[in-house]
Amino acid sequence: MIGTFLAALERRRATGERVAPDGLGDAVVATLRRWGAKRALMPDDDVIHDRGIPDALRDAGIEVIVWPTDLPWRPLLGLDGAPATCAVTVPALAVAQRGTVVLATDASHGRSLDAVGWWHLSILPAERLVPTLAEALTRVYASGTPSAVSLVSGPSRTSDIEKITTYGAHGALAEHVLVVDGTLSPTSD
Amino acid sequence: MTDRPVTYGEGPDLRARSARATADTVLRGNLTSSAASWAKGRQRMEDEQGFSAMRDRARVIRRENIRRLPELLDALEARVIANGGTVVRAATRDEATEYIVRLARREGARVVAKSKSMATEEIKLNEALDAAGVRVVETDLGEWILQLADERPSHIIAPAVHMNRTEIAELFRRESGEDVPDDREALIAYARRRLREDFAAADIGVSGVNLAVAETGTLCIVENEGNARLVTALPRIHVAVMGAERIVADWDEAAHILQLLPMAAIGDDATTYVNLVSGARRDGESDGPEELHLVIVDGGRLALRGSPFEEALHCIRCGACLYSCPMWRTVGGQTYDSPYSGPIGAVITPLLEGATSERANELPFLSSLCGACHDACPVGIPLHDLLVRLRARADTPAKRRRRRMARLWSVFWSRPLLYRTGVRMSRLGIRMLGRRGWIRRLPGPARAWTEVRDLPSEWPPR
C-alpha cells in the first residue's frame, strides 16, 4: 500500500518517501532545508515530540512554533516580512489509492494549519494508510465528528488562467509526505 | 487591453447576445481549447477509473436523496444545531440575502471574504452586501479576476475561462499600478499576496456547499486553490450558503459523489482540497470561526419534487454539461445572462425564475438537443428531455405569432366563399410576382426562402 500511495502522490505533483523511525528527524530537517523554510509550524503531537523533531529543527537553525499558537494571522500568513513557514502535519489517515492525507482538526491540529504555510510536510505513520476514500471517511467519522476534517491531495493549484494547471495558489506551494515505516515508540536512549 | 467588449450578458435579446459572442474569435478560441482539455481529462478518467461504471450508482444515490429530501434536510438541520451551528431555511433568494446582510450589520463587518459559490450568485449576495457598505472580496482566482474586471462568470467551475493571461496581466497592472509580468506563476503569486491581506482582514467568510452530509451535519467544500479553507477557517464567522438539494444521507454516499465530482468536473480523480466542516471552533481549538451559519436556499427547488422536472435537482454542479455542449462552446456562459449557464443553466434558470420570466422563454431554445449533455452528466440527468419540456411550456413571440396566424387561417378556411376567392387571388398574385414563369425573389418574411430557391409562378413552369 505504501508503494501505491507514493505513486499516487507523484501523480498529484507531491513528493513522498519512506523513512525508518530513527531517520525521521533528519528527513524532516532535510526537507525544510531543501525548501528553504526558516520557520516550522507544527502540531503538539506525540508522533512529532517522541522523535525529538522540534529540537532537531532548532539545532538546524529553524524556528519552531507549536500549534495552538497566539500568533496573529498576519505573521502566520507570511505577511509583513514574516519568515517563510513550513506547516508540519500528522494525518489521522491517508488514502493510498488517490494520494490523499486526511487531517482531522483538534486542539493541536488547527483547521488552517497546512494551508497557511508556504510548504506542507506530512508525517504519516504507515499503519494509517487505508485503500479507499470511502473507508477513510467512514473510519474518521465512526468515532465522533471532528469540528473540521481536511482531505489534502497535493499542493495548492489553479487552472483559472488559460486552463493550465499552475501550482502554489492560496495554499501550500509544495507537499512532501514522510511515510514512517516501523514502530513509532519513544526512543530508548 | 484589447478593444473587444468582453461582456455579452447585457441586453434583453438572446439572439443579439449570441451574435455578439459568436463574432468574438478570441472568446471562441478560449472556449474551444478549454473544452478540449476537459474532454481529454474526461477520457483519462474513463480509461483509468471506469468513470461510466460509477455513474449508475451516483444516479441511484441522487434519486433517493431527492425522494427523501425533506427528511434529510431535517436531519441535517438537527445535526448542525447539535454541532453548535445556526441553520436558516430561506424560502426565497431575498430571505437568504437579507439574513446575511443583517448578520453583517450586526457584526459591524467591513470585509467579507468569499470562496466560489453559485448559490451566492443566485441570491445576488454581493450586490446586497455592496449596497450595505460591506466590501466583498472573491478569493477564488477566477472569480477575483472577474470581480476586478467587473464581469460575470462564464463557467460554473472555471469562471474566467474566456480571458487569456495577457488580458489578466493588464487587468492586474491597472489595478495595482505595479509591473505584473504576464506569465502564469507571476500572476498567481501576485494574487496570492494580495488576497492574503484580505483573508487576514475579513470579518466574515462566505462559502458555498458542494454537498452536505445529513448523518453528521457536515458541509463538504471542494476546491483546488486553498482559498475556501482560508475563508472557512480564518474569519470570526463562517456563513455557508447551500442550495437545498445538495445533500446526501451518509458518508458512504458522500464518498461516492465526492469521488465522481472532480472526475466529471476537471477530469481528475481528486481535487487538492476537500474541506469537511462540522461546526465552529470547539473548546481548546485556536482557529476556526466562532460562529457557523448555514443558510439553506429553497428558491423554488422543493416545488420541483414530484414535477416532470424533478431530475434537475439531481445535479451536483460539476459543469461537465457545459463543456460538452456545442452551444455553450460557441456562445460562452455570459450569453445566458444567468448565474447558471450551459444545458443545466438553460434548465434550472427557467425553473427557479418561474415560467413567466424572460429567461424561461429564451434559454430552453439555446440548445441543439443533441444530447451530449446527457452523456456527460455524472448523475445521468436527461437534460435534453427537460429542455424539450421547457420549450413546450415557454411562451415566445414566435409561438404567439403562430397562434395568431392559426386563428386567422381557421377563419378563412372555414368559410367556402372566402376560401375560394382567396385561392383565386393568390394564384393571380403569384403570377404577377413571377418573371417568365419563375419567382426569383419574394418580399417580407418570405424573403429568406427565396434567397436560395426559385418558385414556379405558373404550372407547369415555362
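Chain letters run A, B, ... following the sequence lines, proteins first and then strands; every chain starts at 1. The shown structure was predicted, so the numbers you read here are calculated from the model rather than taken from an experiment.
Interface residue Leu77(A): backbone and side-chain heavy atoms are both found under 4.5 Å from chain B. If you measure heavy-atom distances from Thr218(B) to chain A, the contacts under 4.5 Å come from the side chain alone. Both the backbone and the side chain of Asp269(B) come within contact range of chain A, each with at least one heavy atom under 4.5 Å from a heavy atom of that chain. Neither the backbone nor the side chain of Ser108(A) has a heavy atom closer than 4.5 Å to any heavy atom of chain B. Looking at Glu197(B), both its backbone and its side chain come within 4.5 Å of chain A, counting heavy atoms on both sides. Looking at Arg11(A), only its side chain comes within 4.5 Å of chain B, counting heavy atoms on both sides. If you measure heavy-atom distances from Val116(A) to chain B, the contacts under 4.5 Å come from both the backbone and the side chain. Using a 4.5 Å cut-off between heavy atoms, Ala280(B) touches chain A through its backbone atoms (N, CA, C, O) alone. Contact of Arg111(A) with chain B is made through backbone and side chain together, with heavy-atom distances under 4.5 Å. With a threshold of 4.5 angstrom between heavy atoms, Pro146(A) approaches chain B through N, CA, C or O but not through any side-chain atom. In this structure, the portions of Thr216(B) lying under 4.5 Å from any heavy atom of chain A include both its backbone and its side chain. Proximity to chain A is absent for every atom of Asp283(B), based on heavy atoms less than 4.5 angstrom apart.
Comparing Val222(B), Leu219(B), Leu230(B), Leu292(B) by heavy-atom pairs within less than 4.5 Å of chain A, the highest count is held by Leu230(B). Contact tally against chain A (heavy-atom pairs below 4.5 Å) for Ile168(B), Asn83(B), Thr271(B): the top residue is Thr271(B). Between chain A and the options Ser34(B), Gly284(B), Ala270(B), the largest number of non-hydrogen pairs under 4.5 Å is found for Ala270(B). Comparing Cys220(B), Ser278(B), Ser37(B), Ala189(B) by heavy-atom pairs within less than 4.5 Å of chain A, the highest count is held by Ser278(B). Chosen from Val95(A), Thr165(A), Leu173(A), Val140(A), the residue pairing most often with chain B at heavy-atom distances under 4.5 Å is Leu173(A). Interface summary for chain A: among Leu195(B), Asn227(B), Asn224(B), the most heavy-atom pairs under 4.5 angstrom belong to Asn224(B). For chain B, the option among Gly154(A), Ala107(A), Ala134(A), Pro68(A) with the highest count of heavy-atom pairs below 4.5 Å is Ala107(A). In terms of heavy-atom pairs under 4.5 Å with chain B, the best-connected choice from Ala148(A), Ala169(A), Ala172(A) is Ala169(A).
The 12-atom threshold is not exceeded at CZ of Arg33(A), counting heavy atoms of other residues, nucleotides or ligands nearer than 6.0 Å. No more than 12 heavy atoms of other residues, nucleotides or ligands shown are found within 6.0 angstrom of CD on Glu10(A). Other residues, nucleotides and ligands place more than 12 heavy atoms under 6.0 Å from the CZ atom of Arg173(B).
Within the 4.5 Å cutoff, no side-chain heavy atoms of Leu276(B) are placed close to those of Ser150(A). Here the side chains of Arg98(A) and Asp268(B) are not in contact, with every heavy-atom distance at 4.5 Å or above. The closest side-chain heavy-atom distance from Thr272(B) to Ser153(A) is not below 4.5 Å. Contact annotation: the side chain of Trp118(A) approaches that of Arg192(B) to within less than 4.5 Å [non-hydrogen atoms, C-beta and beyond]. Within the 4.5 Å cutoff, the side chain of Arg229(B) has heavy atoms near those of the Asp114(A) side chain. You'll find the side chain of Trp67(A) reaches within 4.5 Å of the side chain of Ser286(B), heavy atoms only.
Atom CZ of Arg184(B) and atom OG of Ser159(A) lie 10.0 Å apart (nearest 0.5 Å). Within the model, atoms CG of Asp287(B) and OG1 of Thr105(A) stand 7.0 Å from one another, a figure rounded to the nearest 0.5 Å. Taking CD1 of Ile161(A) as the reference point, atom CD of Glu167(B) lies at 11.5 Å (rounded to 0.5 Å). Note that OG of Ser112(A) and CG of Leu234(B) are 5.5 Å apart. Values are rounded to the nearest 0.5 Å. Atoms CG and OG1, on Leu187(B) and Thr166(A) in that order, are 9.0 Å from each other to the nearest 0.5 Å. In this structure, CD1 on Ile145(B) lies 6.5 Å from CG on Asp160(A), to the nearest 0.5 angstrom.
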task: Show the numbers, then the answer: is there a side-chain contact (heavy atoms from CB on, under 4.5 Å) between Gln259(B) and Gln97(A)?
output: CA-CA 12 Å; Gln259(B) 282 182 90; Gln97(A) 209 183 57; 4.2 Å; yes
task: Using the side-chain contact (heavy atoms from CB on, under 4.5 Å) rule, take Trp73(A) and Arg196(B) through it: C-alpha gap first, then chi angles, then the decisive distance, then the call.
output: CA-CA 9 Å; Trp73(A) 282 124; Arg196(B) 283 201 167 214; over 6 Å; no
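The heavy-atom pair separating Leu141(B) from His170(A) by the smallest distance is N-NE2, 4.5 Å. Of all heavy-atom pairs spanning Ile188(B) and Gly168(A), the tightest one is CG2-O, 3.4 Å. Between Gly171(A) and Tyr273(B), the shortest heavy-atom contact is CA-OH, 3.5 Å.
Using the six-membered ring where Trp is involved, Trp251(B) and Tyr141(A) have ring planes that are parallel, under 30° apart on the 30 and 60° scheme.
With 3.5 Å as the limit, one finds a donor-acceptor pair spanning the side chains of Ser147(A) and Glu285(B). A donor-acceptor contact under 3.5 angstrom links the side chains of Thr158(A) and Glu225(B), judged on distance only.
A salt bridge does not link Arg282(B) to Asp106(A): none of the charged nitrogens lies less than 4.0 Å from a carboxylate oxygen.
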